[in-house]
Student: 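Before anything else, here's the structure in question.
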Amino acid sequence: MKIKHVSYLGSYACDQPFPEGVGSEFAVVGRSNVGKSSLINTMVGRHNIARTSNTPGKTRTANFYPVNDRFCFVDLPGYGYAQVSKSERARWARLIESYLAERAALIGVIHLLDVRHAPSAGDQQTSAELRHSGKRVCVVFNKIDKIKRGQVNSRISTHLHALDLDERTAVVPFSAETGEGKGAVWAWIQAMLSL
Ligand code: GTP
Ligand code: MG
């Protein structure tokens, strides 16, 4: 997809009403530090429109990034980060749940996992919840630049056994660092926009 225009619509915390939005929405969900914000930057070719960090717990709100005035990427906080207070974690979980459950504009969810690690309990739970929601999902295995090329496919097929996916789910090996997999994620987004 040709990116003509990317902007930042705003950030929304738990219990704040979500914005009116711009077109259809694609949310990025996954464990803290897996690279959700980095994926958005890589997809739109902008270095730091979504703020990233080496330390987990960077994204604390739902952040909306309209693309070409046609659809939005929605960056969300991660799950599974133990170093924040229980109440803060509960607020993030409520924000993610309410966004996924209530947002009529949401047409696809990018579920991001780290190719280096077996899916966590949080990854498995999210996968099951997404499946039950009936939402269209693209499972993206990030950080493939961190493992040997020859291991990518076998790792992914092992990890897939631990996830609860329906037959429509797309699976993409990805690196936010090198941009590998970007074309496949764009192809999925295009397909979702044309449904
Ligand atoms: P939270 O907002 O804290 O939940 O994290 P996040 O999932 O948004 O992760 P973020 O994009 O902030 O990235 C976390 C760290 O991983 C940063 O240091 C990124 O540079 C790094 N990172 C993300 N994707 C990749 C990748 O594909 N390869 C490598 N090598 N590093 C990556
Ligand atoms: Mg983030």
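Predicted model only: the values in this text are computed from it and were never measured. Throughout, numbering of the chain's residues begins at 1 and tracks the sequence. Order of appearance sets the numbers: ligands from 1, and atoms from 1 within every ligand.
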Student: Which of the protein's N, O or S atoms come within less than 2.8 Å of the Mg ion (ligand 2), not counting waters?
Tutor: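 Less than 2.8 Å away from the Mg ion (ligand 2) sit Ser37 OG, Thr59 OG1.
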Student: So with a 6.0 Å cut-off around CG of Asn153, is the heavy-atom count from everything else above 12?
Tutor: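 It does not: Asn153 CG has 12 such atoms or fewer within range.
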Student: What residues come within 4.0 Å of ligand 1, counting heavy atoms only?
Tutor: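 Answer by chain and number: Arg31, Ser32, Asn33, Val34, Gly35, Lys36, Ser37, Ser38, Thr52, Ser53, Asn54, Pro56, Gly57, Lys58, Thr59, Gly78, Asn142, Lys143, Asp145, Lys146, Ser175, Ala176, Glu177.
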Student: Short question: side chain of Asn68, backbone of His5 - any donor-acceptor pair under 3.5 Å?
Tutor: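 Answer holds: yes.
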Student: Report the residues that fulfil ring-ring contact (aromatic ring centres under 6.0 Å, His included) with Phe141, sequence neighbours left out, ordered by chain and then residue number.
Tutor: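 Partners of Phe141 under the ring-ring contact (aromatic ring centres under 6.0 Å, His included) test: His159.
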Student: In terms of the angle between their ring planes, are Tyr12 and Phe64 parallel, tilted or perpendicular, with boundaries placed at 30° and 60°?
Tutor: perpendicular
Student: Between Glu88 and Arg60, does any NZ, NE, NH1 or NH2 come within less than 4.0 Å of an OD or OE carboxylate oxygen?
Tutor: yes
Student: Apart from Val84 itself, what residues make up its hydrophobic cluster when side-chain heavy atoms of I, L, V, M, F, W and Y under 4.5 Å apart count as a link, directly or indirectly?
Tutor: Tyr81, Trp92
Student: Looking at Asp15 and Arg94, is any side-chain nitrogen of the basic one under 4.0 Å from a carboxylate oxygen of the acidic one?
Tutor: yes
Student: Ignoring hydrogens and geometry beyond distance, is a side-chain donor-acceptor pair present between Asp123 and Ser120 at under 3.5 Å?
Tutor: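 Side chains of Asp123 and Ser120: pair found under 3.5 Å.
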Student: Working to the nearest 0.5 Å, report the span between CG of Asn63 and OH of Tyr8.
Tutor: 5.5 Å
